[in-house]
Amino acid sequence: LAAMCPPGAGKNDITDRYSRHFNLVFVTPFDDESLGRIFTTVVNKFLSVMARDVAGASSSAVSATLEVYNIVLKEMLPTPAKSHYTFNMRDVAKVFQGICQCTRESLPKVDDLAKVWLHECERVFKDRLISKQDMTWFFNLCKRQMDKHFKRAYDQIVKVEPIIFADFVDPKSVSYMEVQDLDKLQVKVAESLDDYNSVSKLRMDLVLFTSFIQHVCRVIRVLKLPLGNALLVGVGGSGRKATTTLATYVAQYELFQIALGKGYGMNEWHEDMKRMLMKSGCTDTNMVFLFSDTQISKEAFVEEVSGILNTGEVANLYANEDKLEITEKCGKGANNAGKNGPAEIFSWYIDQCRKNLHIVLCMSPIGAAFRARLRAFPSLVNCCTIDWFHEWPPEALQAVAYQFLSKDKELEFEEAITKKVVKLMVDSQVTVQDLTERFKVEAKRFFYVTPTSYLELINSFISTLKNRRQVVQKAQWRYDTGLSKINDAKEQVAGLQVELNELEPVLEKAAQETGE
């Protein structure tokens, strides 16, 4: 029994000589009527506990989502630069999965349903888009569908931008609801960062600008979803690991990473995977596995991570003694769930691993490796929610530069000078980013300006300024010392002159006496 995707978009066809050995069964896509009936049934079941007008708008949410999906499927086609622009029914299901995280408290009116629908569509479809042009196109598409299906204009119902839904801002409520006060959200994330730094061995000195907080909320949203996994794509220094670390702490999950060393090979990898899976499956611990493309010393690592995303296990990972240990530790929980035999207990253990383990992959889009991995392992796209890290906006650049310059007390800048220096740094970064786009268009070559480059600019400015100040202070000290020596000599000469003037009559008298 074999399965394959339709050929095309990087997927190879099979020859007639090969296919003649099989009975071929083609699974054709469902039509919109069938999809509408399926999802309407699911959403009606969920919204039945909501207010009457909210429950009545379920068909609007379903039809709007399917229309968005069909238009995106038709317009947003994969290209070599956009190889992850592949959409399927899992993406539609993720939209409704996000909506179903809400409670009656968070959806009191149809306006709130329309806003959470827009938010979930953006998280599933918009967050993977790589250009501002594509993002603007999708945003306008959602506004049109909101007006068409919900009969609500975006400008009338959205009072706070950007729209962010979260369940950790209000300590009195755990409902997945809209954040009405972005300042309150920033304070909450700052408190979580301070708490993390107080208990962690490695401090994270982060600047909490709006774009970064949005990424943190997106990762938290994925971690709270059943079978939620994330693929974070961005250049080095864009904050993917810091985002995941902070989001894991806010969600109160446990973070797991491999320690890549000189002799790290497949045996060490399998031991790490076994330890991680057994902890999440046997002890019912919510865990986050953070795996970066810089840790891929062997492509087999990606293959086995793909296996965990698909099935929740790594093939041939457990020895017989490991399976006995799993049976002993999981026997009680499996028995309570009605699973008795060794095979049923192991199957229950795999289900626990899938439920408790969330994988966050951090990859860079630079080079051909990213495209090759997505083509070789489709589960990296199908089983993950993609979040593309764009270049920092000017507001973020300004906040980062201001914090670096203001926290260094040795600089002793006036407020007006600090603002001018910050503006100059932001303008430098934005100008270079614009030049890279022009360079790409005219020379057909890529030049990447990363957030790390901006941090190096700030640190270089601070270190150079301190060095020049030391040189100037040293020259000033030598000048002041020379002046003080000259003044001392001048005072001594003046004193000797006074003594000489006082002795002059005595000397004249002595000379006169000597002449006589």
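Values below: all heavy atoms of this structure, side chains included; hydrogens, waters and symmetry mates excluded. Index from 1, following the sequence.
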| task | Run the numbers on D272 and R275 for salt bridge (Lys or Arg N to Asp or Glu O under 4.0 Å), then give the verdict. | result | CA-CA 5 Å; D272 281 340; R275 190 169 71 251; 2.9 Å; yes
When every non-hydrogen atom of C353 is compared with those of G281, the smallest separation belongs to SG-CA, 3.8 Å
Q. Where do K423 and D427 land on the salt bridge (Lys or Arg N to Asp or Glu O under 4.0 Å) test, with the steps shown first?
A. CA-CA 6 Å; K423 185 177 184 305; D427 290 345; 3.1 Å; yes
Exercise for the section: In sequence, state the C-alpha distance, the side-chain angles, and the governing distance for F39 and V92, and then conclude on side-chain contact (heavy atoms from CB on, under 4.5 Å). Expected result: CA-CA 9 Å; F39 287 113; V92 180; 3.7 Å; yes
Fill in: Exercise: do S34 and D31 side chains pair donor with acceptor under 3.5 Å
yes
Does K407 have more than 12 heavy atoms from other residues, nucleotides or ligands lying within 6.0 Å of its NZ? yes
Fill in: Distance flag, aromatic centroids of F125 and F87, threshold under 6.0 Å
yes
Here the pair of heavy atoms bringing G239 nearest to T243 is O-OG1, 2.6 Å
Do M273 and F289 come within less than 4.5 Å of each other through their side chains, counting heavy atoms only?
yes
Checklist line | S460 backbone acceptor or donor facing S463 side chain under 3.5 Å | finding: yes
Heavy-atom closest pair (C384 atom, A230 atom, distance to 0.1 Å) is CB-C, 4.0 Å
* Salt-bridged, D147 to R144, with N to O below 4.0 Å? -> no
Heavy-atom closest pair (D32 atom, L66 atom, distance to 0.1 Å) is O-CD1, 4.1 Å
Tell me whether Q101 contacts the main-chain N or O of G98 through its side chain, where contact means a donor paired with an acceptor under 3.5 Å.
no
- Message: Whether R221 and D387 form a salt bridge (side-chain N of Lys/Arg under 4.0 Å from carboxylate O of Asp/Glu) is what I want to check.
- Response: no
Ring geometry between F446 and Y448 (parallel below 30°, tilted from 30 to 60°, perpendicular above 60°)
parallel
Tightest non-hydrogen contact, residues I458 and A401, listed as CD1-CA, 3.7 Å
Q.
Checking Q429 against W392 for the side chain to side chain donor-acceptor pair (under 3.5 Å) test, could you report, in this order, the C-alpha distance in whole Å, the side-chain angles of both residues, the deciding distance, and whether it holds?
A. CA-CA 10 Å; Q429 181 78 356; W392 287 353; over 6 Å; no
Is any side-chain heavy atom of T311 closer than 4.5 Å to one of I350?
no
*So, do L290 and C362 sit near enough that their side-chain heavy atoms are less than 4.5 Å apart?*
yes
So CG of N467 and CD1 of I462: to nearest 0.5 Å the spacing works out to 12.0 Å
For N356 and M287, indicate whether the former's side chain and the latter's backbone hold a donor-acceptor pair under 3.5 Å. no
CD1 of I213 to CG of L182, rounded to nearest 0.5 Å, is 8.5 Å
Would you find a donor on one side and an acceptor on the other, under 3.5 Å apart, between the side chain of R152 and the backbone of F150? yes
query: Any luck finding a side-chain donor-acceptor pair between E161 and Y154 under 3.5 Å?
result: yes
Quick one: does R240's side chain have a donor or acceptor within less than 3.5 Å of a partner on G234's backbone?
yes
4.5 Å side-chain heavy-atom contact, M266 and E304: yes
Would L277 and L317 count as a side-chain contact (heavy atoms from CB on, under 4.5 Å) here? Give the steps.
CA-CA 10 Å; L277 289 169; L317 178 65; 3.8 Å; yes
V302 backbone acceptor or donor facing S306 side chain under 3.5 Å: no
**Message:** Would you say W137 and E75 are linked by a side-chain donor-acceptor pair, where the criterion is simply a distance under 3.5 Å?
**Reply:** no
Here the gap from H119 atom NE2 to I99 atom CD1, rounded to the nearest 0.5 Å, amounts to 11.0 Å
Q: Inspect the surroundings of CD in E415 and state if more than 12 heavy atoms from other residues, nucleotides or ligands are less than 6.0 Å away.
A: yes
query = Can T431 and S428 be counted as having a side-chain donor-acceptor contact under 3.5 angstrom?
reply = no
Value for OG1 (T244) from CD1 (I359), rounded to nearest 0.5 Å, stands at 12.5 Å
Quiz item: Do S292 side-chain atoms and Q295 backbone N/O form a donor-acceptor pair below 3.5 Å?
Solution: no
**OP:** Give a yes or no on whether the backbone of V124 and the side-chain of D127 come within a donor-acceptor separation of less than 3.5 Å.
**Re:** no
| query | Within a strict 4.5 Å, meaning less than it, do heavy atoms of the V219 and L246 side chains meet? | reply | no
Counting C-beta onward and ignoring hydrogens, is there a side-chain heavy-atom pair between I308 and F291 closer than 4.5 Å?
no
Taking S106 for the side chain and Y176 for the main chain, is one N or O donor matched with an acceptor at less than 3.5 Å?
-> yes
Item to check | Side chain proximity check, V160 to V179, heavy atoms < 4.5 angstrom | outcome: no
Quick test of your reading of the model: are K94 and E120 salt-bridged, counting only N-O distances below 4.0 Å? no
CG (N382) and CG (N88) are apart, to the nearest 0.5 Å, by 5.0 Å
- Do L457 and F461 come close enough that some side-chain heavy atom pair is under 4.5 Å? no
- Side-chain donor or acceptor of D293 paired with backbone N/O of S364 under 3.5 Å: yes
- More than 12 heavy atoms of other residues, nucleotides or ligands under 6.0 Å from CG of L24: is that the case? yes
Check: R128 and D91: side-chain contact (heavy atoms from CB on, under 4.5 Å), yes or no, with the steps?
Finding: CA-CA 12 Å; R128 75 173 67 189; D91 299 311; 3.2 Å; yes
Counting only heavy atoms not in K466, do more than 12 fall under 6.0 Å of its NZ?
-> yes
### Query
Can I130 and H84 be said to form a side-chain contact (heavy atoms from CB on, under 4.5 Å), step by step?
CA-CA 10 Å; I130 68 172; H84 59 289; 3.4 Å; yes
In terms of heavy-atom contacts, G237 and P451 come closest through O-CB, 3.2 Å
CH2 of W117 to NE2 of H149, rounded to nearest 0.5 Å, is 7.5 Å
